[in-house]
Amino acid sequence: MNRIKYVEFPPLGDNRGSLVALEAEKTVPFDIKRVYYIFGTLLGVARGFHAHKNLKQVAVCVTGKCRMVLDNGIEKKEVWLDSPTRGLLIEGLVWHEMHDFSEDCVLLVLASEHYDEADYIRDYQEFLKVNK
Ligand code: T46
């Protein structure tokens with residue numbers, strides 16, 4: 001799907017367990033300006049319901065899982081984020097929602113810009129209009 005891509009993070013494992021390194025411009029294809037994580041999401045709660053105008057993000061469930069609903073204005077897609085070695089790159093205008101968080105889910109997000117509420121489109125009709 002346009003504007004969405006999986007990114008693989010090779011696990012650097014040995015007999016002690018696993019380690020994943022996330023590096024700007026390498027495993028993550030942009031300069032990382034912000035990192036946030038979502039955890040402790042209550043059962044049945046959905047989050048997101050917005051698109052970003054310019055932000056690039058990579059989202060990865062470092063533990064647990066959640067379902068992401070993605071919409072680029074042309075097609076819709078659902079993906080499960082359920083692996084600490086596979087992230088989802090979201091570039092440009094993509095309406096996204098997160099559902100079905102497992103109790104143990106920690107959704108880590110790496111972002112290309114500092115937090116800016118003006119970059120959010122939180123109204124779906126506006127998203128469709130801007131996307132034309
Ligand atoms: C996204 C999805 C995947 C900040 O003050 N700084 C931040 O960096 C972030 C991300 C949020 N906030 C504030 C804004 C709200 O008052 O934290 C509150 C919760 O944010 P929001 O309702 O936007 O959370 P989600 O889970 O709906 O969306 C978040 C990100 O905001 C968004 O960029 O793509 O996760």
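Counting starts at 1 for both ligands and their atoms, in listed order.
Proximity to Tyr120 (heavy-atom distance under 4.0 Å) selects the following atoms of ligand 1: 10 (C), 23 (O), 30 (C), 31 (O), 32 (C), 33 (O). When each atom of ligand 1 is checked for a heavy atom of Gln57 under 4.0 Å away, the hits are 1 (C), 33 (O), 34 (O). Counting atoms of ligand 1 from 1 in the listed order, those under 4.0 Å from a heavy atom of Ile38 are 26 (O), 35 (O).
Here the heavy atom of the protein found nearest to atom 9 (C) of ligand 1 is Tyr115 CD1, 3.7 Å. Residue, atom and distance of the protein heavy atom nearest to atom 27 (O) of ligand 1 are Gly48 N, 2.8 Å. Scanning the protein heavy atoms around atom 10 (C) of ligand 1, the nearest turns out to be Arg34 NH1, 3.4 Å. The nearest heavy-atom contact from the protein to atom 20 (O) of ligand 1 is Arg47 NH2, 4.4 Å. Counting protein heavy atoms only, atom 33 (O) of ligand 1 is closest to His52 NE2, 2.7 Å. Tyr36 OH, 3.2 Å is the protein heavy atom nearest to atom 30 (C) of ligand 1.
Closest non-hydrogen pair, Val7 versus Leu89, comes out as CG2-N, 4.0 Å. Scanning all heavy atoms of the two residues, the minimum distance from Ile32 to Glu23 falls at CD1-C, 4.5 Å. Across all non-hydrogen atoms, the minimal contact from Val69 to Arg67 is CG2-NH1, 3.6 Å. Here the closest non-hydrogen pair linking Asn72 and Met1 is N-CE, 3.2 Å.
The protein does not reach atom 18 (C) of ligand 1 closely, with no heavy atom under 4.0 angstrom from it.
By the 4.0 Å heavy-atom criterion, His96 is counted among the residues contacting ligand 1. Residue contact annotation: Arg122 has a non-hydrogen atom under 4.0 Å from ligand 1.
Neither side chain, Tyr6 nor Glu8, offers a donor N or O lying under 3.5 Å from an acceptor on the other.
Counting only heavy atoms from C-beta outward, the side chains of Lys56 and Ile90 never approach each other to under 4.5 Å.
Using a 4.0 Å cut-off between heavy atoms, Leu107 makes no contact with ligand 1 at all. Counting heavy atoms under 4.0 Å from ligand 1, residue Met98 touches it through the side chain alone.
The pair Arg3-Glu91 fails the salt-bridge criterion, with no side-chain N (NZ, NE, NH1 or NH2) lying under 4.0 Å from an Asp/Glu carboxylate O.
The aromatic rings of Phe127 and Trp95 sit tilted relative to each other, their planes meeting at an angle between 30° and 60°. Using a 30° and 60° split on the angle between ring planes, Phe39 and Tyr37 fall in the tilted class, from 30° to 60°.
In this structure, the side chain of Asp100 does not engage the main chain of Cys66 through any donor-acceptor pair within 3.5 Å.
Residue-to-ligand polar distances place His50 within reach of ligand 1: an N/O pair is separated by less than 3.5 Å.
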